[in-house]
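Side chains included, hydrogens not; waters and symmetry mates left out as well; all remaining heavy atoms used. Chain A is the first sequence line, chain B the second, and so forth, proteins listed ahead of strands; every chain is numbered from 1. Not measured: the values here are computed from a predicted model.
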Amino acid sequence: MRVTQGTFSYLPDLTDAQITKQIQFALDNNWPISIEYTNDPHPRNSYWEMFGLPMFDLKDAAAILGEVARARREYPDAYIKVNAYDARYGRQTTALSFIINRPATEPGFRLERQNANDRVQRYTIAAYSADTAKETRYST
Amino acid sequence: MNVTAGDMEAMYERAEFAKEIGSVIIMIDLTIGYTAMQSMAKWSRKNGLILHLHRAGHSTYTRQKTHGVSFRVIAKWCRLIGVDHIHAGTVVGKLEGDPRTTAGYYDTLRENFIPTNPANGIYFDQEWASMPGVLPVASGGIHAGQMHDLLNLLGEDVVLQFGGGTIGHPDGIAAGATANRVALEAMILARNEGRDYVAQGPEILKEAAKSCAPLARALDLWKDISFNYESTDTPDAVATPSH
């Protein structure tokens, strides 16, 4: 199943030229870019691993695309996303975030059922890709 | 879940039930009154649920020029009360709404500083300091084919609620939801790329529909649907050039 998180995830995968334009839009708005990756794409997992520090001082879209390419080389089987942060007072949040790499096959999520008190059934989902131990999850 | 009920006790009971079954959001109607809205805002904050306010009934007193209360004032009160969402008009949907007046409501809900702008119904500077905003909700008669207009008129910090525009899709609700999401993402992509998305809106949607059959179907079904009637809810000031 195709994981649909962030924006543009319902569109066909963006080309490098399209990604560069989005990065440029973020830079034009003064939104610093960061890159994050994970093998646990649970929709509530907001703690993806940082691929280096946010690029506060990098204002060159082509150079940032170079970092995107490096992240893809290092973690080809991971989900990787580009984030842009709006630091303005009153907003102070992620203004743009989109996935730019996904595993060749996306195994999806398992539904887990738990018996609670009074015959209540509680449901949760878990990403199959997060099942393997963390040490072996990343392909470096 | 709409927890609106005849008394506070029943409302709390419904809200507790919504929380128990894992709902992240509850809805109240404006008809419950300001004291009850304030109480539900406190309850929601304490219990970690989002409070969605439907403005049911507002038109009985917001659309008279001779008496009543402007919706702009209600929007302000609701921001002070601390609701998280409020229905604030669509401009292009089935509910009437003049674009400038609606912009005045949206500014009142979202901005930290709102300068005087009589054409939008803002008659004096309003300083909101750090008071959190309210997310406006556009709901009623909107569909994927209007995405360029919705983005242009309402901006991006907004909830676009497609009801009939999702459920009415001939291939089912999932196809309807996909069509709307693809239309939105295609429009944001085009805007960020610097394209004139308002003028090229229909073209951008048509391009996106090439790789998304549900969107192609939605555009075809709703292409002739529009609601163009005169609004009674207009600013009292007439916009005149200042120089």
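Against chain A, the residues from residues 181-202 of chain B that qualify, each with a non-hydrogen atom under 4.5 angstrom away, are B:R181, B:V182, B:E185, B:A186, B:I188, B:L189, B:R191, B:N192, B:E193 in number order. Proximity to chain B at a heavy-atom threshold of 4.5 Å picks out A:K21, A:Q22, A:F25 from residues 19-32 of chain A, in numerical order.
Counting heavy-atom neighbours within 6.0 Å of B:Y34 OH, excluding the residue itself, gives a total above 12. By the neighbour-count criterion of 12 heavy atoms within 6.0 Å, atom CD of B:E13 is sparsely surrounded, having that number or fewer from other residues, nucleotides or ligands. More than 12 heavy atoms of other shown residues, nucleotides or ligands fall within 6.0 angstrom of atom CG in B:D125. Residue A:R44 qualifies as open at atom CZ: its count of foreign heavy atoms under 6.0 Å is 12 or below. A 6.0 Å sphere centred on NZ of B:K206 holds no more than 12 heavy atoms belonging to other residues, nucleotides or ligands.
Using a 4.5 Å cut-off between heavy atoms, A:Y89 contacts chain B through both its backbone and its side chain. Only the side chain of B:S211 comes within contact range of chain A, with at least one heavy atom under 4.5 Å from a heavy atom of that chain. For B:E111, no part sits under 4.5 Å from any heavy atom of chain A, backbone or side chain.
How far CZ of A:R91 is from CG of B:N112: 12.0 Å, rounded to the nearest 0.5 Å.
In this structure, B:E20 and A:V120 have side chains that are not in contact, with every pair of non-hydrogen atoms separated by 4.5 Å or more. Considering only heavy atoms from C-beta on, A:Y10 stays 4.5 Å or farther from B:C212 through its side chain.
Counting heavy-atom pairs closer than 4.5 Å to chain B, the top residue among A:T4, A:T7, A:L14 is A:T7.
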